[in-house]
Enquirer: 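The structure's right below; bear with me while I get my questions together.
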Amino acid sequence: MSLLYTDEQKELIAMVREMAENEIKPYVQEADEKGECPRELFDWGFKMGLHMLEIPEEFGGTGLSYETTAMIFEELAKVDAGYAISFVTSFVALRNVILAGTPEQGKYFADIVKPGRFAAFALTEPNAGSDPGAMRATAVKDGDDYILNGNKTFITNGALASIMVGFFKTSPELGNKGISAFIVDADAPGITICKFPLKTVFTAKLFLTGFFIELFPHSRCRSDFR
């Protein structure tokens, strides 16, 4: 079965290809050698809305299909895969909140990411990568709120994200079914972020110690969000 591109898809791909060749490719080698990438290099991608491609229009996204989005990022990744994954991670984090959270949570998350900010998906831990059930990070209920403790590692966008979706055990005795997701503001007290030198990917370790997260006013966490 062959995949036939529409005229609109061809135009989008050509536009991304031209921008990537002119705006990204000249700086890739230097970023690889230094193990770092200027934040400004992502500005044109934010202006093009690459961080909101699959997001529904009611949340400020472009509402593109999975197929068209994949075509665009395939083209971008030809120039630099790390650059591409930074935008993909942002809308994947937001998309999960929209799909599994409340409308209020989706709007809160989208309003932060939409202007041109990174988001992260904080799942992996030093001892729990492909087996999330082995995670040790916990969220303990404290009245109407939660206290989060744990370490996350290899978190794409972790070093630059303004907001994250973090996964913690709220009911450890239930194994995989005892994991809940929380919306975490990256600049909140109690979070320490350590960057990994991974070229154009702003990967980081996250340390949350006694991090206090309120259930209201933004409905930032939901104990059945799994």
Side-chain angles (χ1 to χ4, degrees), residues 1-57 59-96 98 109-110 112-124 129 153-165 186 193-206:
M1 179 179 176
S2 60
L3 180 62
L4 300 178
Y5 290 21
T6 66
D7 290 340
E8 181 183 12
Q9 289 171 336
K10 291 177 181 178
E11 291 177 4
L12 288 171
I13 290 170
M15 179 175 63
V16 171
R17 180 189 302 122
E18 180 181 1
M19 294 296 291
E21 289 286 338
N22 294 331
E23 302 292 338
I24 304 303
K25 192 172 183 178
Y27 305 100
V28 169
Q29 183 175 346
E30 182 180 1
D32 282 353
E33 292 173 350
K34 291 184 176 181
E36 59 185 32
C37 180
R39 170 64 173 78
E40 296 76 19
L41 199 59
F42 292 87
D43 288 348
W44 76 268
F46 281 120
K47 291 177 181 177
M48 291 182 67
L50 296 181
H51 62 310
M52 300 289 284
L53 291 187
E54 285 183 6
I55 304 305
E57 294 181 3
F59 289 95
T62 63
L64 290 183
S65 66
Y66 294 147
E67 181 183 81
T68 302
T69 299
M71 292 175 181
I72 289 173
F73 279 102
E74 180 182 37
E75 201 64 37
L76 186 58
K78 290 178 183 178
V79 172
D80 190 79
Y83 187 89
I85 199 65
S86 295
F87 288 112
V88 173
T89 300
S90 289
F91 69 70
V92 166
L94 171 54
R95 183 182 65 195
N96 276 275
I98 292 173
F109 206 102
I112 291 176
V113 175
K114 182 171 53 180
R117 298 188 181 97
F118 290 103
F121 192 85
L123 174 64
T124 301
T153 191
F154 295 116
I155 305 304
T156 303
N157 290 353
L160 277 183
S162 297
I163 193 167
M164 311 176 191
V165 179
I193 299 175
C194 301
K195 180 184 181 298
F196 285 152
L198 290 179
K199 306 177 182 180
T200 53
V201 184
F202 291 91
T203 306
K205 289 183 178 180
L206 310 177

Enquirer: Could you measure the distance from the OG1 atom of Thr6 to the CD atom of Glu11? Nearest 0.5 Å is fine.
Expert: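 Spacing of OG1 (Thr6) from CD (Glu11) equals 8.5 Å.
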
Enquirer: When rounded to the nearest 0.5 angstrom, what is the spacing between NZ in Lys25 and CG in Asp80?
Expert: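 Going from the NZ atom of Lys25 to the CG atom of Asp80 covers 11.5 Å.
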
Enquirer: Hey, can you pull the donor-acceptor pairs under 3.5 Å for the side chains in residues 40-48, sequence neighbours left out?
Expert:
residue	atom	partner	partner atom	Å
Asp43	OD1	Arg39	NH1	3.3
Trp44	NE1	Tyr83	OH	3.0

Enquirer: For Glu67, enumerate each residue passing the salt bridge (charged side-chain N to carboxylate O under 4.0 Å, His left out) test, keeping only those at least two apart in sequence or located in another chain.
Expert: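 Salt bridge (charged side-chain N to carboxylate O under 4.0 Å, His left out) list for Glu67, sorted by chain: empty.
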
Enquirer: Got Phe59 and Phe109 here, is their nearest side-chain heavy-atom distance under 4.5 Å?
Expert: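 They are not in side-chain contact.
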
Enquirer: Ignoring hydrogens, what is the shortest heavy-atom contact between Glu23 and Pro26? Give both atom names and the distance.
Expert: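 Looks like C-CD, 4.2 Å.
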
Enquirer: Would you check if Glu75 and Lys78 make a side-chain contact, meaning some heavy-atom pair closer than 4.5 Å?
Expert: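 Sidechains of Lys78 and Glu75: in contact.
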
Enquirer: Run the side-chain contact (heavy atoms from CB on, under 4.5 Å) test on Leu12 and Met15 for me, step by step, so that the C-alpha distance in whole Å, both residues' side-chain angles and the decisive distance to 0.1 Å come before the verdict.
Expert: CA-CA 5 Å; Leu12 288 171; Met15 179 175 63; 3.9 Å; yes

Enquirer: Excluding sequence neighbours, so at least two apart, what forms side chain to side chain donor-acceptor pair (under 3.5 Å) with Arg117?
Expert: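 Side chain to side chain donor-acceptor pair (under 3.5 Å) list for Arg117, sorted by chain: empty.
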
Enquirer: What's the separation between atom CZ in Arg17 and atom CD1 in Ile72, rounded to the nearest 0.5 Å?
Expert: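 Separation between the atoms: 12.0 Å.
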
Enquirer: With sequence neighbours excluded, what pairs up with Glu54 under the side chain to side chain donor-acceptor pair (under 3.5 Å) test?
Expert: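 Once residues adjacent in sequence are excluded, the partners of Glu54 under the side chain to side chain donor-acceptor pair (under 3.5 Å) criterion are Arg95.
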
Enquirer: Show the nearest heavy-atom pair for residues Asn96 and Val92, with the distance to one decimal.
Expert: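 Distance-wise, the nearest heavy atoms are ND2-O, 2.7 Å.
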
Enquirer: Report the distance from atom CD of Gln9 to atom OG1 of Thr69, rounding to the nearest 0.5 Å.
Expert: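 Those atoms lie 9.5 Å apart.
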
Enquirer: How far apart are the closest heavy atoms of Val79 and Val28, and which atoms are they?
Expert: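 Looks like O-CG2, 4.0 Å.
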
Enquirer: Restricting to salt bridge (charged side-chain N to carboxylate O under 4.0 Å, His left out), what partner residues turn up for Lys10, sequence neighbours left out?
Expert: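 In terms of salt bridge (charged side-chain N to carboxylate O under 4.0 Å, His left out), with neighbours along the sequence ignored, Lys10 is linked to no residue.
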
Enquirer: Of all heavy-atom pairs between Thr62 and Leu53, which one has the smallest distance, and what is that distance?
Expert: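 Smallest interatomic distance, heavy atoms only, reads OG1-O, 2.7 Å.
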
Enquirer: Just wondering, do Val113 and His51 contact through their side chains at under 4.5 Å, heavy atoms?
Expert: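 Result yes, sub-4.5 Å side-chain heavy-atom pair found.
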
Enquirer: Once salt bridge (charged side-chain N to carboxylate O under 4.0 Å, His left out) is applied, do any residues pair with Glu30, and if so which ones, sequence neighbours excluded?
Expert: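 Salt bridge (charged side-chain N to carboxylate O under 4.0 Å, His left out) check on Glu30 returns Lys34.
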
Enquirer: Would you call Met52 and Leu94 a side-chain contact if the rule is heavy atoms closer than 4.5 Å?
Expert: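 Counting from C-beta outward, Met52 and Leu94 do come under 4.5 Å.
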
Enquirer: Is the shortest heavy-atom distance from the side chain of Phe73 to the side chain of Leu50 under 4.5 Å?
Expert: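 Phe73 reaches Leu50 side chain to side chain.
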
Enquirer: Shortest non-hydrogen contact from Ala93 to Ala119?
Expert: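 That would be CB-CB, 4.1 Å.
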
Enquirer: Which atom names give the shortest non-hydrogen contact between Ile155 and Ala120, and what distance separates them?
Expert: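 Answer, listing the atom of Ile155 first, then Ala120: CG2-CB, 3.9 Å.
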
